[in-house]
Every structure is written in C-alpha cells, then in structure tokens.
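Start at 1 and go down the list; that is how both ligands and their atoms are numbered. Residue indices begin at 1 and follow the sequence shown.
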Amino acid sequence: YFKKNFGQNFLIDSNILDRIADCAGVTSEDCVLEVGPGIGSLTQVLAERAGSVTAVEIDSNLIPILAKTLADYDNIEVLNQDILKTDIDAIIHEKNQDRPIKVVANLPYYITTPIIMDLLENERKVDSITVMVQKEVAERMQAGPGDKEYGALSIAVQYYCDAHLDMIVPPSCFMPRPKVASAVITLKVLPQRKVAAKDEKMLFHIVKCAFGQRRKTLLNCLYNQGGLNLSKEELAEVLTSLGFDERIRGEALSIEDFARLSDALSQKTQ
Ligand code: SAM
C-alpha cells in the first residue's frame with residue numbers, strides 16, 4: 001500500500017503531531033502550506049489551529065482518503081500536484097494576501113533538499129518552515145565550517161534563516177518505519193540578512209562549486225568549475241588578497257568568507 005518512491009512514512013504518534021504544530025507556533029492568523037498531507041493526520045491538527053491550510057499531495061490514490069478524513073473542515077484546500085512543479089507563490093498568496101505563511105510538513109525525504117532550496121533561494125514569501133527531515137539532514141542545516149556535515153545546504157539555510165532543532169523523532173513513530181532517525185527543525189526566515197553578498201547568484205554559484213568537489217582546493221574548484229573566465233593566477237590573487245591560503249578548501253570558509261569572496265569575484269569579473 002505505501003509508496004516507497006513517494007517517501008511515504010506516515011506519522012502514527014498523535015503526540016508528535018501536536019508537538020510539530022507547537023514547534024511551528026501555528027495560530028489562527030496563519031496560512032499554512034503543508035507538503036505531502038498523506039492521509040491527513042497532521043493536516044487535521046494544523047487546521048484546528050490555523051486560519052487556513054493548503055496541502056499539496058502528489059499521490060492521486062490518497063485524494064479520496066483525504067476527502068474523507070478532512071470532510072469536517074472548511075479551511076483546508078487539497079491540491080493533487082507535485083510540489084516541485086507547483087508555483088508556490090501563486091497558490092499561497094492568491095487568497096491569503098498579508099497573512100503570515102508557515103510551511104509545515106513531514107517531508108518526503110527524497111525531496112527535502114530541493115524543496116528547502118527552492119523556498120529559500122527563490123525567496124518565496126514564507127515566514128517560517130517547520131519540517132520533519134532525516135536527523136542527518138537537520139545536522140547539515142546547522143553545521144558550521146570544519147564540521148563534516150557542512151555544505152551548500154548549511155550555507156543556504158543559515159544565510160536566509162535562524163535554524164532551531166526542535167526534537168529528534170525515532171523510527172517507531174512512523175508507519176512504515178524509516179531506517180534512520182528523523183528530526184523536526186524550524187527555520188525562521190530572517191527579515192534582514194545577517195551577512196549580505198552583493199550578488200547572491202554569484203554567492204550560491206561559488207558555494208556549489210566549492211562543495212561540488214570536496215577533496216579539491218577552493219582554487220581548483222573555482223578554476224575547473226567556476227566558469228568565471230579568470231586565469232588560475234588571477235583567482236589565486238583574489239584569494240590571497242582576502243587573506244586566504246591558496247590551498248584552502250571550501251569547507252573552511254564561513255558564510256562571511258564566502259560573501260567576501262563572492263563580492264571580490266563579482267568585482268573582478270564585471
Ligand atoms: N503528512 C503525512 C504524515 O505526516 O503522516 C505524510 C508524510 S509522508 C513522509 C510524505 C508525503 O508526501 C506522502 O503522502 C507522499 O505521497 C507525499 N509526496 C511525495 N512526493 C511529493 C511531491 N513531490 N509533491 C507533493 N507531495 C509529495
């Protein structure tokens with residue numbers, strides 16, 4: 001019955017459902033976007049507290065079940081579509097103009113990174129994101145320079161948000177049980193960036209480049225994959241002018257460092 005390829009691990013612990021809604025701080029002022037309502041267990045808890053809930057579910061077999069489990073609520077809209085092909089801004093803002101938008105979901109794990117990256121890098125107008133993810137992914141979101149989980153996801157999350165790990169959830173709370181532990185994490189989107197790069201496209205381009213080939217030096221990554229039209233000498237010069245060793249690797253740079261490097265490279269390539 002469960003569709004493995006849709007990442008279907010349904011929550012069967014009602015206590016956890018309430019706690020997710022608590023962590024998201026959902027109130028009657030809020031409009032909630034739920035990704036993957038499944039059979040509607042979390043959706044009901046959210047609808048009890050929120051002004052409105054828009055739930056996007058890819059699996060058409062679940063739509064008649066959702067119609068039954070959610071029949072008593074008049075503030076839920078279920079859309080049968082793929083969240084990765086959905087114009088998120090259009091669906092949440094159409095009816096809910098100035099209300100705070102909260103994303104709350106027990107995410108299908110295979111799309112965690114693309115959905116979070118989409119929400120952040122395209123600056124969807126959401127106020128917070130409270131999601132169940134694999135524990136290891138939650139750790140990646142919070143990792144800093146030198147940590148083994150530090151990477152492009154850590155930087156995207158911390159550039160746009162304050163991240164808070166809410167709780168660890170064991171496999172026994174799901175049906176079927178996933179192989180690894182999960183975690184609920186809340187990302188509060190910052191009204192203003194703590195660090196700002198002049199050209200964010202350049203920033204995320206070099207971040208992806210730097211972590212694309214972890215074992216290589218940042219200089220080699222930028223030279224081989226950067227497409228910046230600069231010679232190796234010119235790139236080395238930019239690095240040393242910012243006080244970096246030529247042999248430094250991307251994993252040693254903080255977000256501030258990447259922002260400085262991005263600014264210097266945008267200036268040099270203009
Ligand atoms: N919310 C339910 C719960 O907590 O019990 C189900 C969570 S289950 C981990 C993930 C849900 O996301 C499944 O219902 C699955 O069919 C749905 N899903 C998977 N890929 C999706 C996609 N690309 N777009 C929308 N929903 C998707």
Side-chain angles (χ1 to χ4, degrees), residues 1-24 26 30-50 52-71 73 75-92 101-120 122 124 126 128-138 166-186:
Y1 178 81
F2 298 107
K3 294 232 177 62
K4 251 200 175 145
N5 54 340
F6 285 151
Q8 293 181 350
N9 298 97
F10 296 144
L11 272 166
I12 49 169
D13 183 325
S14 63
N15 181 33
I16 299 283
L17 297 171
D18 285 327
R19 284 174 65 196
I20 294 174
D22 290 344
C23 295
V26 175
D30 300 325
C31 157
V32 171
L33 169 65
E34 188 191 5
V35 180
I39 55 169
S41 337
L42 180 59
T43 322
Q44 294 178 51
V45 175
L46 295 170
E48 296 284 347
R49 305 187 188 197
S52 69
V53 179
T54 301
V56 179
E57 173 57 59
I58 197 172
D59 185 355
S60 48
N61 291 327
L62 294 173
I63 302 301
I65 302 176
L66 284 166
K68 268 197 200 146
T69 54
L70 306 177
Y73 299 86
N75 61 344
I76 303 175
E77 181 182 23
V78 175
L79 301 173
N80 183 199
Q81 52 198 63
D82 179 347
I83 191 70
L84 296 178
K85 294 184 186 145
T86 298
D87 182 345
I88 293 176
D89 282 333
I91 60 162
I92 50 185
I101 309 285
K102 292 180 172 161
V103 176
V104 186
N106 168 17
L107 284 180
Y109 293 158
Y110 77 106
I111 57 163
T112 304
T113 304
I115 178 79
I116 299 286
M117 287 299 213
D118 174 88
L119 290 168
L120 298 178
N122 295 318
R124 308 286 180 204
V126 302
S128 66
I129 304 170
T130 298
V131 280
M132 177 88 72
V133 298
Q134 289 181 337
K135 176 168 164 274
E136 183 237 318
V137 175
D166 298 314
M167 58 177 158
I168 304 291
V169 182
S172 58
C173 295
F174 301 85
M175 169 107 134
R177 293 182 180 199
K179 290 205 177 66
V180 295
S182 304
V184 175
I185 189 162
T186 294

Less than 3.5 Å apart, which donor and acceptor atoms pair up between the side chains of residues 128-136 and the rest of the protein, not counting sequence neighbours?
residue : atom : partner : partner atom : Å
T130    : OG1  : T186    : OG1          : 3.0
K135    : NZ   : E139    : OE2          : 3.3
E136    : OE2  : R140    : NE           : 3.3

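Within the 4.0 Å heavy-atom shell around ligand 1 one does not find M132. At least one heavy atom of E34 sits less than 4.0 Å from an atom of ligand 1. The closest approach between F174 and ligand 1 stays at or above 4.0 Å for every heavy atom of the residue. Residue L107 places a heavy atom less than 4.0 Å from ligand 1.
Only the side chain of I111 comes within contact range of ligand 1, with a heavy atom under 4.0 Å; no backbone atom does. Only the backbone of P37 comes within 4.0 Å of ligand 1, counting heavy atoms alone; no side-chain atom from C-beta on gets that close. Within the 4.0 Å heavy-atom criterion, neither part of I39 lies near ligand 1. Here Y109 has no heavy atoms under 4.0 Å from ligand 1, in either its backbone or its side chain.
Of the options M175, E57, K85, the smallest heavy-atom separation from atom 16 (O) of ligand 1 is shown by E57. Summarising the contacts of atom 9 (C) of ligand 1 with C173, G40, G7, the nearest heavy atom is found in G7.
Residue, atom and distance of the protein heavy atom nearest to atom 27 (C) of ligand 1 are I58 CG2, 3.4 Å. Among all non-hydrogen protein atoms, the one lying nearest atom 1 (N) of ligand 1 is G36 O, 2.8 Å. With respect to atom 4 (O) of ligand 1, the closest heavy atom belonging to the protein is N106 ND2, 2.9 Å.
If you take SG on C173 and CD1 on I12, they are separated by 7.5 Å, rounding to the nearest 0.5 Å.
Of the charged side-chain nitrogens involved, at least one lies within less than 4.0 Å of a carboxylate oxygen, so that D22 and R49 count as a salt-bridged pair.
Residue S41 places no N or O, backbone or side chain, under 3.5 Å from any N or O of ligand 1.
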